[in-house]
> 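First the structure, which I've put down as structure tokens, then a few questions once you've had a look.
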Amino acid sequence: MFYRPEIDGLRSVAVLPVVFYHAGFTLVSGGFVGVDIFFVISGYLITFLLLRELEQSQTISISKFYERRIRRIIPALIAVSVVSSVAAFNWLPPQTLDHFGAALAATFLFVSNIYFWRNTGYFDSAAELNPLLHTWSLSVEEQFYIFFPLLLLFLFRFRKNRLVLFLILFAAASLTLAQHLVRSNQGAAFYLITSRAWELLIGSLCAIYLTYYTQALPKNPIVREGLSVIGLLFLLSSIFFLDHKVPFPGLAAVPVVLGTAFIICFSQHTITGKLLSAKPLVAIGLISYSLYLWHQPIFAFARLRCQCEPDFTFYILLILLSFALAYLSWKFIEVPFRHKKKLPSTKVYLYCGSAAILLLVFAIAAKFSHGMKFRFSEEVLAAIEIERDSDKAICPHKNTLANAPGVELCEFGAPNANEIVALIGDSHAGMLLYPLNQQLIQSHKKGVYIINWNCHVIPGFIGNAGHASKLSDCDSSQKVVLNYLEANQATTILIARWSFSIAPIDGYLDSVFFDNQRGGIEKANAPRENYVLVNGVRSNTPEAAATIIEKHIKSLAQASKRLVLVKPVPEVGWDVPTYNFMHYLQHGSIPNEINTDYPIYLKRNRFILELMERIQGDNIALVNPADFLCDTLLNICRAQTDGSPLYYDDDHLNRRGSAILVDKILRLFNDQPVQKVTLDHQS
């Protein structure tokens with residue numbers, strides 16, 4: 001296979017946007033498409049080599065094929081994984097090292113795409129903290145190459161005249177599936193081989209075209225120039241104008257995939273080809289694989305180590321470090337392992353196999369030791385461990401509320417009791433489950449956590465496209481919930497992270513995400529804006545928001561024996577266990593207290609606090625978490641006292657904090673039943 005420098009230049013066009021995108025440079029908002037470019041290039045190169053082997057020997061040596069893949073992929077991956085594992089052992093708390101171990105094992109079993117599909121969204125803020133997230137693309141390629149050589153060999157021997165047709169059909173099926181999944185399960189569409197195979201197959205078709213159909217190449221140089229320029233424009237437009245809001249992959253990936261194919265097929269001896277063959281681009285292309293491997297763990301550990309988002313200057317330094325390590329990795333690991341004369345097959349298998357086994361042992365140990373807790377004292381573990389109880393742990397088997405699709409009932413407490421306590425809200429309701437379950441068992445009451453997966457926590461609000469598409473369903477399911485509460489004479493607890501659920505509100509709340517103005521800035525998963533519809537027009541006015549919220553609260557109060565309305569739990573800004581861990585790494589101790597400013601809490605929650613105070617109803621009781629979390633004399637809200645956290649992240653109370661809040665709530669239950677509120681239809 002003759003060398004094409006423009007392909008290495010194309011690799012640089014693939015890797016640079018990925019690096020800059022992961023560094024948070026908004027200019028390359030679609031930088032994630034660099035992976036799609038790599039897929040097409042890989043499909044082209046591998047298929048070209050396989051076709052050449054087929055033409056020469058009429059067969060494919062599977063053992064030699066996988067040896068080439070091992071030499072190409074494994075040595076540099078091992079180097080990055082070893083360094084990452086050392087950093088993880090020294091810098092990650094148990095719960096995070098546990099996840100790292102699982103991701104490391106999945107990486108060397110080439111199923112990390114499946115692992116991350118099940119555990120991490122690529123566009124979630126948590127993704128940028130995962131040192132091995134980028135290995136998902138390696139798993140996609142290796143899964144593809146488990147079957148593709150055999151498929152190609154079969155088609156070449158028995159259906160050579162239909163080879164192109166079959167590959168086109170497979171690619172079309174994969175693209176169709178990808179487009180379907182971006183609407184129903186974007187995580188699966190992004191990570192799984194079934195919805196990515198078409199990109200590699202387009203590269204394969206390029207190889208077939210350039211091998212068997214060279215006579216069909218445009219003879220007119222102007223046409224070739226035009227097609228290669230169109231290809232480059234497709235790439236650049238995807239890199240600079242796509243963003244994570246666009247459902248991807250699927251049809252949105254077609255321009256970048258076709259653009260790459262056009263450059264592969266038509267850029268030889270063109271201006272575009274010469275541009276891509278420029279020495280700086282070729283040099284970056286040569287180290288692109290190592291650069292791709294190194295940049296993600298460097299960025300992730302930098303973020304984890306400082307618990308901050310590095311500024312522009314720091315990112316430039318991190319990028320330069322990535323380039324330096326990539327060059328060293330390419331020169332001293334990649335290049336030597338590719339030369340059979342320097343390293344025969346037996347040594348490659350020995351070195352790579354031994355290292356991979358050791359890494360798998362470390363991964364398994366990290367996973368099954370729950371993050372190697374032996375590294376820390378009991379005092380440190382108490383301050384850095386996450387006390388988080390999922391609804392699955394309390395009620396593994398949920399019931400679906402009849403005639404209300406998407407609404408689940410998580411039943412807990414005393415199962416056969418007549419008196420029912422209904423818990424309604426978002427994840428802030430879920431954080432109360434463990435202590436509330438214990439208390440209700442003791443007081444012989446039944447608890448029901450009502451979860452509506454498809455709707456906003458406040459019916460009438462819209463927080464994402466899914467909420468908007470299900471407004472009518474949410475209205476009907478809300479009526480079923482109200483009927484359930486009324487039929488069971490339930491005492492209802494309503495608790496939510498109100499600022500997240502209703503922001504922005506003109507003149508009150510600017511952002512759903514919290515900044516404690518002490519350096520604790522909440523990391524955003526994805527931009528989110530809550531709004532209500534007024535006569536079909538979206539609105540963020542306080543009047544519109546107040547109408548919707550008040551109607552919801554009063555409808556719950558009317559349907560319930562009593563409504564316990566919980567005011568906002570103070571947000572922290574820092575992830576408390578992680579803050580403790582970083583403090584321990586830097587200072588060797590756990591801080592005695594972690595505080596935020598009470599006036600900031602009041603300002604951020606002014607709208608909902610004022611609204612709750614205005615809502616009248618004899619059977620509405622208010623509970624204020626700030627009564628025990630905040631000191632109005634010192635103007636602080638405490639997230640940790642005596643070295644013991646009250647939160648398991650930056651806004652959810654842990655068992656200790658939740659137990660105090662549940663105790664305050666249940667004190668109200670001793671009062672005698674009172675007159676029920678009447679719903680004001682004018683509100």
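Because the structure is a prediction, the values reported are computed rather than measured.
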> Is it true that E53 and K64 make a salt bridge, defined as a side-chain N closer than 4.0 Å to a carboxylate O?
no
> How far apart are the closest heavy atoms of A76 and I333, and which atoms are they?
N-CG2, 3.7 Å
> Test of understanding: with salt bridge (Lys or Arg N to Asp or Glu O under 4.0 Å), list the residues that count as partners of R72, not counting sequence neighbours.
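Partners of R72 under the salt bridge (Lys or Arg N to Asp or Glu O under 4.0 Å) test: E334.
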> For side-chain contact (heavy atoms from CB on, under 4.5 Å), just list the numbers for R196 and D36, CA-CA rounded to whole Å, side-chain angles, deciding distance to a tenth of an Å, and then say yes or no.
CA-CA 9 Å; R196 290 290 190 168; D36 304 81; 2.6 Å; yes
> Evaluate whether atom OH of Y66 has more than 12 neighbouring non-hydrogen atoms of other residues, nucleotides or ligands under 6.0 angstrom away.
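Yes.
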> What distance do W574 atom CH2 and Y579 atom OH have between them, rounded to the nearest 0.5 Å?
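Output value for this atom pair is 5.0 Å.
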> A side-chain contact here means heavy atoms from C-beta on lying under 4.5 Å apart; do T59 and R157 qualify?
yes
> Mind jotting down which residue pairs meet the ring-ring contact (aromatic ring centres under 6.0 Å, His included) criterion with at least one end in residues 155-186? Sequence neighbours excluded, please.
F154-F158
> Donor-acceptor pair, distance only, cut-off 3.5 Å: does the side chain of R183 make one with the backbone of P247?
no
> Kindly say whether the aromatic ring centers of F299 and Y315 come within a distance under 6.0 Å.
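Yes, ring centres under 6.0 Å apart.
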> Can you find a heavy atom in the side chain of V35 that is under 4.5 Å from one in the side chain of V140?
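The answer is no, as the side chains (C-beta and beyond) never meet within the 4.5 Å cut-off.
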> With sequence neighbours excluded, give me every side chain to side chain donor-acceptor pair (under 3.5 Å) pair touching residues 344-358.
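Sorted result for residues 344-358: E67-S345.
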> In terms of ring plane angle, is the pair H134 and Y292 parallel, tilted or perpendicular, where the classes change at 30° and 60°?
tilted
> Does some side-chain heavy atom of F337 sit less than 4.5 Å from a side-chain heavy atom of I70?
no
> Picking from K373, H370, Q95, what satisfies side-chain hydrogen bond (donor to acceptor under 3.5 Å, both in side chains) with E385?
K373
> Using modelled atom types and a 3.5 Å cut-off, is there a donor and acceptor pairing between side-chain atoms of S204 and backbone atoms of L200?
yes
> Consider only side-chain N and O atoms of S112 and S139, and report whether a donor and an acceptor are under 3.5 Å apart.
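Looking only at side-chain atoms, S139 and S112 do form a donor-acceptor pair, the distance falling under 3.5 Å.
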